Asks: 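This is the structure, below, for whatever I ask next.
As the structure is a computational prediction, the values presented were derived from the model and not from experiment.
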2 protein chains.
Amino acid sequence: MGRWEPNARGRLGRAAMELYVERGFDQTTVAEIAEQAGLTKRTFFRHYADKRDVLFAGMAPLREVVVRAVAEAPASLPPFAVVSLGLEAAAEMIQERPEDVKMRQAVIDAHLELQERELVKLAALAADIAAALRGRGLDAWPARLVAEAGMAAFRVAFARWIANSAEGLLTQVVRESMEELEATVTGG
Amino acid sequence: MGRWEPNARGRLGRAAMELYVERGFDQTTVAEIAEQAGLTKRTFFRHYADKRDVLFAGMAPLREVVVRAVAEAPASLPPFAVVSLGLEAAAEMIQERPEDVKMRQAVIDAHLELQERELVKLAALAADIAAALRGRGLDAWPARLVAEAGMAAFRVAFARWIANSAEGLLTQVVRESMEELEATVTGG
DNA sequence: GCATCAATGACACTTGGTGTCATCACCCTA
DNA sequence: TAGGGTGATGACACCAAGTGTCATTGATGC
């Protein structure tokens, strides 16, 4: 038993999510989050960079999974197929907890400032993918191009999956989105 | 001669840009901007939603140009070609003042919070394009998909144009980026 | 001249976020 | 077993972004 209750970060994160869902993101102050977690405002900012960071702290493992999938994809695969593989791996991870994901997304979709943060995080993910592609020998600009285009397809697939609960597995929607992109860009 | 100097909004915008360039975005307070423009902090927020808004207020005409180009494109053109046309129209507009654009972009690239805002603005532009495509009879999800993919190619082209001053006309870089996307997605 | 209106100023207030120092439990070592 | 780090937290002051509200002021229309 420590002087402090264990898992301060986890308590803060849970308290924040509860309040964000209950009363909305901007009707929640950091002081309230900290109080609910039995801590102080200052301590909140020691665990999370800012109020929005709570919603996006879980993306780190996602990045690892995607980058590994891209790096370990068969050398014979064309770049776009490699990106597709990586993003399907992400989809697999995401769809493990559909309810949590959808609740989180509802909070994000209700606040522009959270969508801003979401977009930079996804852009960072695209940059990671591009770096992994460069590691496979692809030139910098083509790598970035195919990574960003893949992320675009992924974003649309994710939105579609969120919007339509009967949509099935996210991996499947992502794969379809990739194929549809290929078809429509080719001249469909 | 009014009680107040004319063009308060313009003065605020110019003052803000000067200070952002001179000393950096977050070393500039709204009070300083207002003072330099001969106004008060409160008046700044009557003309701009927030400190970042100054950098993105000029995007409205861009949206109009792109949406019109998409709406008026020949009916026979496939969707991706239509998006390409729209974004080339945007490129044409942007490349009219290369120095201003590059200075503005240098400020944005130096601050993550500004990149956040840039990404939502571009996402909004993609949403506008998707809406224009729906107006041409395309279904919602494919419209969004091709609009987002086109914006991805545009973003990469723009970054490439900014990074390489000898790159020539932005319209040309955008067109090449679109073609490269098509080639690489098809299986290059 | 007089009422109205739009733009600005003045001012208080909330909140996010940071800097700084004190405190307290735990651990290691002599 | 005493004592000195160490790391996490609390306490507190502080700055700057952004908002609500009311007063002021010049222009405009009647």
Asks: Report yes if a side-chain nitrogen or oxygen of B:Thr43 is closer than 4.0 Å to either non-bridging phosphate oxygen (OP1 or OP2) of C:dT8; otherwise report no.
Replies: no

Asks: Take atom CD of A:Glu32 and atom C1' of C:dG16, then tell me their distance rounded to the nearest Å.
Replies: 13 Å

Asks: Rounded at 0.5 Å granularity, tell me how far OH in B:Tyr48 sits from CG in B:Leu55.
Replies: 10.0 Å

Asks: Taking atom C1' of D:dA8 as reference, at what distance in whole Å does atom CG of A:Asn7 sit?
Replies: 14 Å

Asks: Between P on C:dG16 and CD on A:Gln27, what's the gap in Å once rounded to a whole number?
Replies: 11 Å

Asks: What heavy-atom pair brings B:Arg11 and B:Gly38 nearest, and what distance separates the two atoms?
Replies: NH2-O, 4.1 Å

Asks: Can you tell me the distance, in whole Å, between the CZ atom of B:Arg11 and the C1' atom of C:dT8?
Replies: 11 Å

Asks: Scan nucleotides 14-20 of chain D against the protein and return all N/O pairs shorter than 3.5 Å with their distances rounded to 0.1 Å.
Replies:
residue : atom : partner : partner atom : Å
D:dA17  : OP1  : B:Lys51 : NZ           : 3.2
D:dA17  : OP2  : B:Val30 : N            : 3.3
D:dG18  : OP2  : B:Lys51 : N            : 3.0
D:dG18  : N7   : B:Lys41 : NZ           : 3.2
D:dG18  : O6   : B:Lys41 : NZ           : 2.8
D:dG20  : N7   : B:Arg42 : NE           : 3.4
D:dG20  : N7   : B:Arg42 : NH2          : 3.0
D:dG20  : O6   : B:Arg42 : NE           : 2.7

Asks: Closer to the 5' end of DNA chain C via nearest nucleotide, is it A:Tyr48 or B:Ala8?
Replies: B:Ala8

Asks: Between B:Met93 and B:Leu62, what is the shortest heavy-atom contact and its length?
Replies: SD-CD1, 3.6 Å

Asks: Nearest whole Å is fine: how far is C:dT15 P from A:Phe25 CZ?
Replies: 14 Å

Asks: Give a yes or no on whether the backbone of B:Ala166 and the side-chain of B:Asn164 come within a donor-acceptor separation of less than 3.5 Å.
Replies: yes

Asks: Taking atom CZ of A:Arg23 as the centre, report whether more than 12 heavy atoms of other residues, nucleotides or ligands fall under 6.0 Å from it.
Replies: yes

Asks: Look at the side-chain N and O atoms of A:His47 and state whether any lies under 4.0 Å from the OP1 or OP2 oxygen of D:dA8.
Replies: no

Asks: Less than 4.5 Å apart, any side-chain heavy atom of A:Arg155 and any of A:Leu119?
Replies: yes

